Amino acid sequence: QYSSTKPNPGTMLASASAVRQLARSASRHTSRLGAVRCMGGIEAYEDYGKACFTGAVADEYLQKQGASGDLLKDPSWTKTHSDVVASAVLDWATDHGANTFCHWFQPMASSGVRHGQTGQVQNKMFAFNADNQIEFDFKGKDLIKGETDGSSYPNGGLRGTHCAGGYLCIDTSSPIFLRGDTMFIPSAFVSYYGAALDEKTPLLRANAALNKQGCRLLKHLGLDVSDGLRANIGLEQEIFLIPREAYYKRPDLQLTGRTIMGKDAPRGQEMCDHYMAPLSSATPALACMQEIQDECYKLGIPLKTRHREVAPNQFEFAPLFGLNTTQIDQNLMVMQIIEEVAPRHGLTALLQEKPFNDVNGSGKHNNWSLATADGVQLFKPSAINAACNSETAFTVIMAAMIAAVDEHGDLMRMAISSPGNDFRLGACEAPPAIVSCYLGEDMTFYLEHFKDGKGKGEYVPGIKTLDLGTREVLPFEVPAEDRNRTSPFPYGGARFEFRAVGSAQNVSMVNTVLNTIIAEKFGEFSDRIDAGESAINVAREALNKHWRVIFNGDNYCDTAQQELTDRGLWRIDSGVEAIHTLTSEKNTKLFEKMHVMTKEECEAREIILHDHYTGTVEMEGLTMVDMINQHVIPSVKAAGIGPLSDLEAAVSTIKDAMAEIHAADSSYKKAQLARVLRLETMIDIRAVCDAAEEVVPANLWSLATYKELLFLDSHVDAVPSEEMIYEE
């Protein structure tokens with residue numbers, strides 16, 4: 001059994017004042033605190049958002065400089081008032097104990113390998129004067145721009161040692177924040193020639209394309225949007241929490257984030273007993289999740305929801321939705337905080353998409369919506385129709401969305417092609433790699449009549465009443481549409497949910513693609529309306545042409561998958577091949593037309609993604625060799641039983657495959673061979689290793705087993721706290 005390095009108390013009932021006392025005590029006796037169940041109150045969170053330079057916080061400090069928070073609403077402050085903002089930021093930072101700053105950026109190919117998935121160089125906000133004294137020094141030029149080496153990050157040939165310049169420029173759409181003694185300045189990262197070296201820059205460009213083309217279409221539909229259009233997202237983050245002592249007995253989890261061998265435990269998720277079960281204070285998990293939320297609240301991250309997920313030891317957090325750039329920055333920090341807080345509770349957090357075989361992996365559902373700056377939602381029929389004073393504004397927008405998904409499903413598949421997603425898609429835990437769109441029967445019926453010229457009037461979502469036939473529970477209303485969790489891209493009332501996104505991903509590319517493909521369709525619709533066609537006729541033609549992409553059935557069903565394939569929908573089973581579509585003629589022309597990425601940037605990004613895939617597989621292959629040689633074979637020999645000769649042969653097989661990968665002459669070919677090694681050869685070898693585990697006595701097996709890794713509720717002791725706080 002594995003015990004947390006942090007003892008955990010039993011359930012405690014504490015008042016708000018007791019919670020504050022407990023929080024103060026935490027700084028002195030952290031190792032003795034566990035989960036706390038307290039009375040309601042928000043006093044403990046009175047510092048929420050004070051470490052984030054936005055809203056009332058920014059306004060307070062800018063007023064001291066003779067300005068106001070409104071200054072930050074126009075990005076031109078970086079040209080006209082950078083010294084003013086820098087002075088305000090310095091005062092704010094020092095008031096909160098910070099004396100260091102960094103430009104915080106998002107290198108490519110970071111998923112699964114780079115802690116926090118960001119880059120930064122931390123500098124003191126100091127000057128050292130002639131009298132050998134330190135004084136604070138932070139000016140506008142320090143705030144808005146930085147420089148670093150662009151050649152030492154994955155760049156696909158865009159940089160080299162002889163042309164290494166990389167430049168950092170503040171992203172004014174995402175607020176500056178503090179953590180500890182450091183101020184983090186969200187930044188874009190580009191080459192000397194302006195080529196994107198990061199995840200953020202293409203997203204910012206896609207936001208600009210969406211704003212431009214969306215405002216054009218809305219004007220045709222009757223709404224003049226003066227303040228622009230924005231994409232909002234909400235990201236559901238799934239993770240695993242496992243005992244840290246067991247983690248140290250799994251080289252594969254330590255080095256690759258997933259188990260590359262391991263026999264199934266006698267119990268898995270068959271009984272659905274873990275999903276949304278109580279968060280027990282008898283294990284470290286609840287205390288860990290509480291502390292993660294508390295850390296996030298300090299940064300102004302509204303991490304509102306926590307619950308157990310389907311697989312044993314699997315959990316989920318979810319925030320409120322917000323602007324895509326801010327939400328992505330916050331999600332990266334959430335993942336970093338999760339990884340850093342878990343060890344304080346004797347746990348390890350696993351963010352990889354498929355850390356364990358034969359139980360669900362983890363995703364990051366990308367809930368995506370479009371809205372005007374003043375909050376009119378484009379995917380909410382009543383809101384957008386009323387704002388446009390039109391019965392068909394919503395219908396035209398939906399026609400553009402359906403056309404975008406049908407035409408560019410390959411790019412949507414590319415955007416979710418992280419290495420870990422190889423093992424999730426279509427496995428009854430994530431939608432299959434066939435891109436379709438769920439609308440529900442209610443909307444489908446309306447749109448079908450619209451496209452055929454039969455229907456009139458606006459779409460009004462239906463509702464129905466459920467009557468349980470009881471006196472205690474009165475009849476209540478629910479949407480007319482059920483939820484379809486098998487669809488890659490279901491409509492959910494005012495939003496679409498891209499369900500196939502991987503848990504470890506930086507979702508910038510996902511949202512870059514969504515914004516770009518809808519911007520293109522908004523632009524195409526606008527061009528045709530400019531040329532004299534009616535918006536209704538343009539929408540009808542698009543629906544008739546792209547109707548095939550709508551599917552409201554069970555996407556897990558083999559028959560349905562064959563039907564969708566026969567319809568000609570985008571189906572790319574291989575993540576490696578999906579990445580390759582990034583440089584197809586159709587897609588490079590799209591990105592260039594929308595000014596999101598150049599052909600050169602697309603080609604560089606494909607190389608980076610394929611190298612990331614191959615590098616991931618190489619780490620897994622070498623780790624498997626080490627585990628076989630250092631653990632499995634010695635255990636088999638000690639037991640005198642098991643497939644010894646097969647194990648010895650497996651080592652040579654992996655090494656030969658690695659040599660073949662290294663000899664390939666392009667990143668694409670290397671990735672193709674790596675996929676065969678990973679999804680064919682290593683799976684076969686895993687079966688041999690698991691067969692050995694099945695027969696070797698437990699006392700001779702040196703690796704932590706699935707039984708030891710996956711069941712906190714039955715394998716972690718609850719140790720009473722020495723410090724129990726009650727209030728009479």
Side-chain angles (χ1 to χ4, degrees), residues 108 155-158 190-191 193-217 229 231 368 370 397 399-417 433 435 437 489 498 508-531 533 538-539 541-542 545-546 548-549 568-572 574-610 666-668 671:
M108 292 182 277
N155 61 75
L158 293 173
V190 298
S191 76
Y193 299 101
L197 300 176
D198 63 348
E199 301 278 7
K200 181 185 283 278
T201 300
L203 176 63
L204 292 169
R205 295 172 181 164
N207 284 350
L210 170 67
N211 178 58
K212 178 181 178 180
Q213 303 303 335
C215 289
R216 283 183 67 202
L217 181 60
L229 194 64
W368 176 76
L370 304 178
I397 291 167
M401 188 73 254
I402 290 164
V405 174
D406 186 37
E407 187 169 329
H408 296 300
D410 57 336
L411 279 176
M412 293 174 67
R413 174 67 178 92
M414 178 278 299
I416 58 169
S417 296
V435 181
C437 181
F489 199 64
F498 200 175
S508 292
M509 178 55 79
V510 169
N511 290 282
T512 296
V513 166
L514 293 178
N515 285 7
T516 303
I517 65 177
I518 191 60
E520 181 199 39
K521 291 306 168 190
F522 284 168
E524 289 177 355
F525 278 30
S526 297
D527 289 343
R528 293 177 62 180
I529 298 169
D530 285 342
E533 295 185 64
V538 173
E541 182 180 319
K545 181 178 179 181
H546 300 287
R548 64 181 182 176
V549 81
L569 300 191
W570 285 106
R571 176 174 186 166
I572 310 174
S574 164
V576 171
E577 300 305 325
I579 291 168
H580 188 50
T581 67
L582 180 56
T583 55
S584 72
E585 184 178 4
K586 170 181 81 74
N587 293 333
T588 55
K589 284 184 176 179
L590 166 70
F591 284 121
E592 288 191 313
K593 178 174 68 173
M594 305 313 297
H595 303 290
V596 173
M597 287 190 288
T598 65
K599 182 178 180 181
E600 181 184 30
E601 287 173 315
C602 291
E603 290 170 345
R605 206 159 288 250
E606 181 191 341
I607 292 171
I608 291 165
L609 292 173
H610 278 147
S666 72
S667 294
Y668 178 33

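The structure presented is a predicted model; accordingly, all values stated were derived computationally and were not measured.
- Annotation for Ala415 and Val513: closest pair CB-CG2, 4.1 Å, computed over non-hydrogen atoms.
- Ala231 pairs by the side-chain contact (heavy atoms from CB on, under 4.5 Å) definition with Leu210, Asn324, Trp368, Leu370, Asn515, not counting sequence neighbours.
- Annotation: side chain of Glu592 is in contact with side chain of Thr598 (closest heavy-atom distance under 4.5 Å).
- The minimum heavy-atom distance between His546 and Ala403, with the atom names listed, is CD2-CB, 3.4 Å.
- In this structure Glu533 satisfies the side-chain contact (heavy atoms from CB on, under 4.5 Å) test together with Arg528, Val538, sequence neighbours excluded.
- Summarising the geometry, atom CG belonging to Leu204 is positioned 8.5 Å from atom OG1 belonging to Thr512; distances are rounded to the nearest 0.5 Å.
- Listed by chain and number, the residues in a salt bridge (charged side-chain N to carboxylate O under 4.0 Å, His left out) with Glu524 are Lys521, Lys593 (sequence neighbours excluded).
- Rounded to the nearest 0.5 Å, atoms CG (Asp198) and OG (Ser191) are 10.5 Å apart.
- Taken from NZ in Lys545 to CZ in Arg548, the straight-line distance is 9.5 Å, to the nearest 0.5 Å.
- Partners of Arg205 according to the salt bridge (charged side-chain N to carboxylate O under 4.0 Å, His left out) rule, which considers only residues two or more places apart in sequence or in another chain, are Glu601.
- In terms of the side-chain contact (heavy atoms from CB on, under 4.5 Å) criterion, residue partners of Asn587 (sequence neighbours excluded) are, by chain and number, His408, Asp410, Leu411, Thr581, Ser584.
- Nearest heavy atoms, Leu203 versus Ser508: CD1-O, 4.1 Å.
- The structure places CZ of Arg605 at 6.5 Å from CD1 of Ile608, a figure rounded to the nearest 0.5 Å.
- Summarising the geometry of Pro202 relative to Val596, their closest heavy-atom pair is O-CG1, 3.6 Å, with the distance given to 0.1 Å.
- Met401 pairs in a side chain to side chain contact (heavy atoms under 4.5 Å, CB included) with only one of the listed residues (Val549, Asp406, Ile518), which is Ile518.
- Between His580 and His610, some side-chain heavy-atom pair lies under the 4.5 Å cut-off.
- Between Ser417 and the options Leu582, Ile579, Ile572, a side chain to side chain contact (heavy atoms under 4.5 Å, CB included) holds for only Ile579.
- The minimum heavy-atom distance between Gly575 and Arg413, with the atom names listed, is N-NH2, 3.4 Å.
- Contact detail for Gln213 and Ala519: the closest heavy-atom pair is CB-O, 3.3 Å.
- Atom CE in Met509 sits 8.5 Å away from atom OG1 in Thr516 (nearest 0.5 Å).
- Scanning for side-chain contact (heavy atoms from CB on, under 4.5 Å) contacts around Cys215 gives Asn211, Val225, Leu229, with sequence neighbours left out.
- In this structure, the side chain of Thr588 does not engage the main chain of Thr583 through any donor-acceptor pair within 3.5 Å.
- Of the charged side-chain nitrogens involved, at least one lies within less than 4.0 Å of a carboxylate oxygen, so that Lys589 and Glu585 count as a salt-bridged pair.
- Trp570 places a side-chain N or O within 3.5 Å of a backbone atom of Glu407 that can act as its donor or acceptor partner.
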